[in-house]
Enquirer: 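One structure is given below, represented as structure tokens, and several questions about it will come after.
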Amino acid sequence: MSVVETTRRGEVAIRGLSKSFALNGQRLNVLRDLRLDIRSGEILAIVGPSGCGKTTLLRILAGLEVPDTGEVLIDDTPVHGVGTERAIIFQEPRLLPWLTVLGNVAFGLDVRGDARTYAEEKARHYIRLVGLTDFENAYPRQLSGGMAQRVGIARALTVQPEILLLDEPLGALDAMTKITMQEELGRIWREEKVTMILVTHDLEEAIYLADRVLVMPKERGASIRSIDIDLNRPRDRSENRFVRQRKALLHDFGLH
Amino acid sequence: MTIQSIDTSPLRRRHEDRAGAMPGQRLTAMGRDVLSRYGLLVGFLVLWQVSAKTGWVNPSIFPPLDAIAAALWKALASGRLVGDVAISLQRSGIAFGAAVVIGIPLGLFMGQIRSVERALDPILQLFRQTSALALYPVFILLLGLGETSKIFVIFWATLFPILLATIGGVKEVDAKLIEMARTFGASRLTVFRRVVLPASVPAIVVGLRLSATTALLLLIAAEMIGANKGLGFQVMNAQYNFQIPLMFGAIFLLAALGLTANAVLVTLQRRLCRWSEVTR
Ligand SMILES: Nc1ncnc2c1ncn2[C@@H]1O[C@H](COP(=O)(O)OP(=O)(O)OP(=O)(O)O)[C@@H](O)[C@H]1O
Ligand SMILES: [Mg+2]
């Protein structure tokens, strides 16, 4: 690998982003003048109370929502609409009920016109990663909520995006599967050097995975802070420094 | 493509489960199945036969089933009814086919474009609520008393269930799935082919079933009003000539036609809509 990266990939610059919605005849300011730089290959976790605008921010980054002011630059190019260098894992799985797990996971590549055999081969790889090999031919209605969510994760991974936007991807999983999936996400990140923006309610997950945790406050307009996580990888949840980070973050939320 | 990739494994698995059971158990279970499903029907037919034979009902109005079967067989074997069946099938087939060929694409198009749908909906509702039979005299006036007006009235009545079901199916497609497809860079056409179309299939098939029933209904009505051939005509004609067994024979033939059409569509529905939980 060369020392100087000539092509930066998956670098995100958020410039003065504001977004408000009309709600019951009033304007609801969700994001106000948000500025943020996300390095190529960084994992940024976003935490914050329900309704503070995390999903809205991800949707703007995905190009599904247009900001009122400001812009998002990806590798110095302004975002206009969706782009295949980004993939979003929604808060709900959004699987196509008429396709099997394999069909759903291969969907992204299928849509791009990749050959069926190639798409399925790659899909099988990621199905294995999320631990669903035995359910390759199952239909979405035959899956549990957590399994469906993992199919959604595999589907986004299969297209190997530069930037992966994750909206509480592990929220529906049991504690054990969650830890396995966190490890898998960490491994995928190490292997593919993808930039990850991860919305989560789970502080431990944020500290385990992220280089930086962005704390979005409940009061709109209050400043958004980010906290660096200086822990060596792979991280150990029981390590003293890990626990201290967790305490510091809780303190940040006003919880002691 | 999409339709083909609607896989078939769950039902197959159910068959395998059954095949795994003991053959004896399977037979009794099947017997119970058949009995609970067809018991009442068989009872009804037996009652009919017995009442007609013993004279509980007037056998010249309700002839025994064997007399009906004999009359039907004679009419079919002599080739008399065959031509009528053929022309009835032709009329309803052409009309239904035209309704499918026009209704589905038009519905897919209208369902996609909000403004078109909004503009056309009131007139569609008006047409749908106006009985096709009430318009039959108008069609006869415009198209004459021949085949064209008969086929057209059936077409008219079958078009609306298909059209409205298709529009409804397209409109009901989960916007979140469309959004998901778009994030993978799917073009409008791809979204249509890979998401909108397969998602609307169950609604469309329901429309087809409704339409097939309507087609037979209108076929009989049209043939009773102004025809000299066709099963509907034969029912009327037999009654007029007091050939009551033949009349019932033709009625049963019509019922069989309806059942066959429905069975074909149910099979289609099973094949295409296995993924959706509501199959009926
Ligand atoms: N399309 C919309 N129209 C009106 N209001 C909206 C819309 N989308 C989001 N909002 C509002 O914006 C606010 C932020 O919503 P968002 O979904 O971003 O929250 P969130 O931080 O993701 O919450 P959660 O953790 O519960 O998922 C909420 O108050 C919500 O009501
Ligand atoms: Mg959210």
Side-chain angles (χ1 to χ4, degrees), chain A residues 55 58-59 61-65 79 81-114 116 119-120 135-143 148 151-152 155-161 163-167, chain B residues 1-17 108 166 169-206 268-280:
Chain A
T55 297
L58 275 201
R59 287 177 59 82
L61 294 177
L64 292 171
E65 209 90 62
V79 161
V82 297
T84 49
E85 79 287 354
R86 286 159 281 152
I88 182 167
I89 297 168
F90 294 97
Q91 219 166 333
E92 62 290 326
R94 303 201 184 184
L95 304 182
L96 299 173
W98 53 87
L99 295 181
T100 60
V101 167
L102 183 64
N104 268 290
V105 175
F107 182 75
L109 293 177
D110 256 5
V111 157
R112 289 179 193 188
D114 284 344
R116 159 106 343 144
E120 290 192 345
F135 291 87
E136 197 179 285
N137 294 315
Y139 283 85
R141 66 181 151 81
Q142 299 169 314
L143 303 177
V151 175
R155 180 178 57 194
L157 291 174
T158 303
V159 299
Q160 294 188 293
I163 299 166
L164 194 56
L165 308 164
L166 306 101
D167 198 350
Chain B
M1 222 197 58
T2 326
I3 306 280
Q4 288 166 350
S5 55
I6 296 172
D7 206 328
T8 52
S9 55
L11 208 88
R12 223 179 272 148
R13 202 164 300 145
R14 217 178 303 146
H15 278 307
E16 282 162 15
D17 287 348
L108 290 172
T166 308
V170 172
K171 273 171 62 187
E172 295 287 285
V173 178
D174 189 352
K176 289 184 163 183
L177 294 181
I178 294 174
E179 194 180 72
M180 180 281 294
R182 283 211 302 126
T183 65
F184 287 105
S187 63
R188 267 190 83 101
L189 182 67
T190 307
V191 169
F192 175 75
R193 275 184 45 226
R194 301 298 312 268
V195 181
V196 175
L197 195 58
S200 334
V201 163
I204 294 174
V205 177
V206 168
L268 185 76
Q269 190 170 35
R270 291 241 173 86
R271 288 196 72 115
L272 293 181
C273 313
R274 200 159 291 156
W275 55 268
S276 73
E277 272 158 348
V278 192
T279 37
R280 245 154 252 260

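Order of the sequence lines sets the chain letters (A, B, ...), proteins ahead of strands, with each chain counted from 1. Just so you know, these numbers come straight off a predicted model, no measurement behind them.
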Enquirer: So, A/Asp167 versus A/Thr55: side-chain donor-acceptor pair below 3.5 Å or not?
Expert: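 There is such a pair (donor and acceptor under 3.5 Å, judged by atom type) between the side chains of A/Asp167 and A/Thr55.
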Enquirer: Does any backbone or side-chain atom of A/Leu109 lie under 4.5 Å from a heavy atom of chain B? Answer side chain, backbone, both or neither.
Expert: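 For A/Leu109, no heavy atom lies under 4.5 Å from chain B.
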Enquirer: Are any non-hydrogen side-chain atoms of B/Arg194 and A/Leu99 less than 4.5 angstrom apart?
Expert: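 Answer yes - side chains close enough.
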Enquirer: I'd like to check the salt bridge (charged side-chain N to carboxylate O under 4.0 Å, His left out) partners of A/Arg94; sequence neighbours left out, ordered by chain and number.
Expert: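 For A/Arg94, the residues satisfying salt bridge (charged side-chain N to carboxylate O under 4.0 Å, His left out) (neighbours in sequence not counted) are A/Glu92, B/Glu179.
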Enquirer: Checking B/Thr183 against chain A: side chain, backbone, both or neither under 4.5 Å from a heavy atom?
Expert: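 For B/Thr183, heavy atoms of backbone and side chain both lie under 4.5 Å from chain A.
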Enquirer: Go through the atoms of A/Arg86 and report whether side chain, backbone, both or neither lie under 4.5 Å from a heavy atom of chain B.
Expert: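 Interface part for A/Arg86: backbone (N, CA, C, O).
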Enquirer: Looking at residues at least two apart in the chain, or sitting in another chain, which of them share a side-chain hydrogen bond (donor to acceptor under 3.5 Å, both in side chains) with A/Glu85?
Expert: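 In terms of side-chain hydrogen bond (donor to acceptor under 3.5 Å, both in side chains), with neighbours along the sequence ignored, A/Glu85 is linked to no residue.
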